[in-house]
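Atoms within a ligand are numbered from 1 in the order they appear, just like the ligands themselves. All values below were derived from every heavy atom in this structure, side-chain atoms included, with hydrogens, water molecules and symmetry-related copies excluded.
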Amino acid sequence: MRIGHGYDVHKFAENRKLILGGTEIPYEFGLLGHSDADVLVHAVMDSLLGAAALGDIGKHFPDTDERYKGADSIALLKEVCRILDENGYKIGNIDSTVIAQKPKLKDYIYAMRENIANACGIDISQVSVKATTEEKLGFTGRLEGISAHAVCIIE
Ligand SMILES: Nc1ccn([C@@H]2O[C@H](COP(=O)(O)O)[C@@H](O)[C@H]2O)c(=O)n1
Ligand SMILES: C[C@@]1(CO)OP(=O)(O)OP(=O)(O)OC[C@H]1O
């Protein structure tokens, strides 16, 4: 059994969709990135790659590579899960926290869990997504961006 941890941050920008956990969330700002900037899925991918000691998303999907411009992070997650499978690993469970002052995410949590579970070929009960604010403190509190943490167990 091996444990993994992932962390990511993306800043808010105008004229971008807000995609979290493969779900489009209505909000006045989206997140800036080379890909769709799905900060939650990025943290999940880094936790899985970390658990397997197989590097990180920047190694597998460089932000200098045009192939990943505007990439659907759920498709990248499928590729990470294929790499884990190829290396003989199975996912035990994933837990994650999105840190966002706004928007309220509770109505989208189930859809995010479902998208992540489907991409990984696991049951939704193996995927947890939580949300919290930082009580208006720090860069998330100032509405500058969103961060996410993820941990996982692989076997
Ligand atoms: N972007 C967010 C942040 C929080 N929630 C939900 O609200 C609860 C209370 O958050 P606090 O930061 O005030 O502790 C939290 O446990 C989440 O259920 C949310 O939906 N979206
Ligand atoms: C996901 C990738 C894909 O090019 O691009 P970004 O959306 O910029 O996201 P980041 O969290 O900076 O990770 C780097 C890249 O792997």
Return yes or no for this condition: an N or O of Asp8 is under 3.5 Å from an N or O of ligand 2.
yes

Given side-chain contact (heavy atoms from CB on, under 4.5 Å), test Glu155 with Met1 step by step and report yes or no.
CA-CA 5 Å; Glu155 294 162 287; Met1 193 183 292; 4.0 Å; yes

OG of Ser73 to CD1 of Ile116, rounded to nearest 0.5 Å, is 10.5 Å

Would Leu49 end up clustered with Ile94 when hydrophobic side chains under 4.5 Å apart are linked, directly or stepwise?
yes

Going by heavy atoms in the side chains, are Met112 and Leu40 under 4.5 Å from each other?
yes

Measure the distance from atom 13 (O) of ligand 1 to every protein heavy atom, then report the residue, atom name and distance (to 0.1 Å) of the closest one.
Glu135 OE2, 3.5 Å

Among non-hydrogen protein atoms, atom 12 (O) of ligand 2 lies closest to His10 CE1, 4.0 Å

Please report which non-hydrogen protein atom sits nearest to atom 17 (C) of ligand 1, along with the residue it belongs to and the distance in Å to one decimal place.
Ala131 O, 3.2 Å

If you measure every N or O of Asp36 against every N or O of ligand 2, does any of those distances drop under 3.5 Å?
no

At a 4.0 Å threshold, what atoms of ligand 2 neighbour a non-hydrogen atom of Tyr68?
3 (C), 4 (O)

Nearest protein heavy-atom contact for atom 13 (O) of ligand 2: which residue, which atom, what distance?
Ile57 CD1, 3.4 Å

Could you find the nearest protein heavy atom to atom 20 (O) of ligand 1 and give me its residue, atom name and distance?
Lys106 N, 3.0 Å

Mark up the atoms of ligand 1 that fall under 4.0 Å of a heavy atom belonging to Pro103, in ascending order.
1 (N), 2 (C), 21 (N)

Is there a polar contact between ligand 1 and Thr132, counting only N or O atoms under 3.5 Å apart?
yes

Check each atom of ligand 1 against the heavy atoms of Thr133 and keep those under 4.0 Å away; list them by number with element.
3 (C), 11 (P), 12 (O), 13 (O)

Heavy-atom protein contact below 4.0 Å for atom 9 (C) of ligand 1:
no

So for ligand 2, is Phe61 a polar contact partner (N or O within less than 3.5 Å, distance only)?
yes

Could you tell me whether some N/O pair between Lys104 and ligand 1 is separated by less than 3.5 angstrom?
yes

List ligand 2 atoms under 4.0 Å from Asp63, heavy atoms only on the residue side.
4 (O)

For Ile99, the other hydrophobic cluster members (4.5 Å side-chain criterion, sorted by chain and number) are none

Would you mind reporting whether Leu31 and Lys17 have side-chain heavy atoms less than 4.5 Å apart?
no

Would you mind telling me if ligand 2 is within reach of the side chain of His60, the backbone, both or neither, using heavy atoms under 4.0 Å?
neither

Taking non-hydrogen atoms only, is His34 closer than 4.0 angstrom to ligand 2 via side chain, backbone, both or neither?
both

Consider only side-chain N and O atoms of Thr140 and Glu134, and report whether a donor and an acceptor are under 3.5 Å apart.
yes

So if I count the atoms of ligand 1 from 1 in the order they appear, which ones are less than 4.0 Å from some heavy atom of Ala100?
1 (N), 2 (C), 3 (C)

For atom 19 (C) of ligand 1, which protein heavy atom lies nearest, and how many Å away is it?
Leu105 N, 3.5 Å

Given side chains that start at C-beta, do those of Pro62 and Tyr68 come closer than 4.5 Å, heavy atoms only?
yes

Can you find a heavy atom in the side chain of Val9 that is under 4.5 Å from one in the side chain of Ile146?
no

So do the side chains of Thr132 and Thr97 get within less than 4.5 Å of each other, counting heavy atoms only?
yes

Does this structure show an ion pair linking Asp95 with Lys130, if we count only N-O contacts that are shorter than 4.0 Å?
yes

Salt bridge or not for Glu66 and Lys69, using N-O below 4.0 Å?
no

Which bit of Lys130 is near ligand 1, meaning a heavy atom under 4.0 Å away: side chain, backbone, both or neither?
neither

Ligand-side contact atoms (ligand 2) for residue partner Pro62, heavy atom cut-off under 4.0 Å:
4 (O)

Measuring from Cys81:SG to Ile122:CD1, what's the distance to the nearest 0.5 Å?
7.0 Å

Considering only protein heavy atoms, which is closest to atom 7 (O) of ligand 2, and at what distance to one decimal place?
Ser35 OG, 2.5 Å

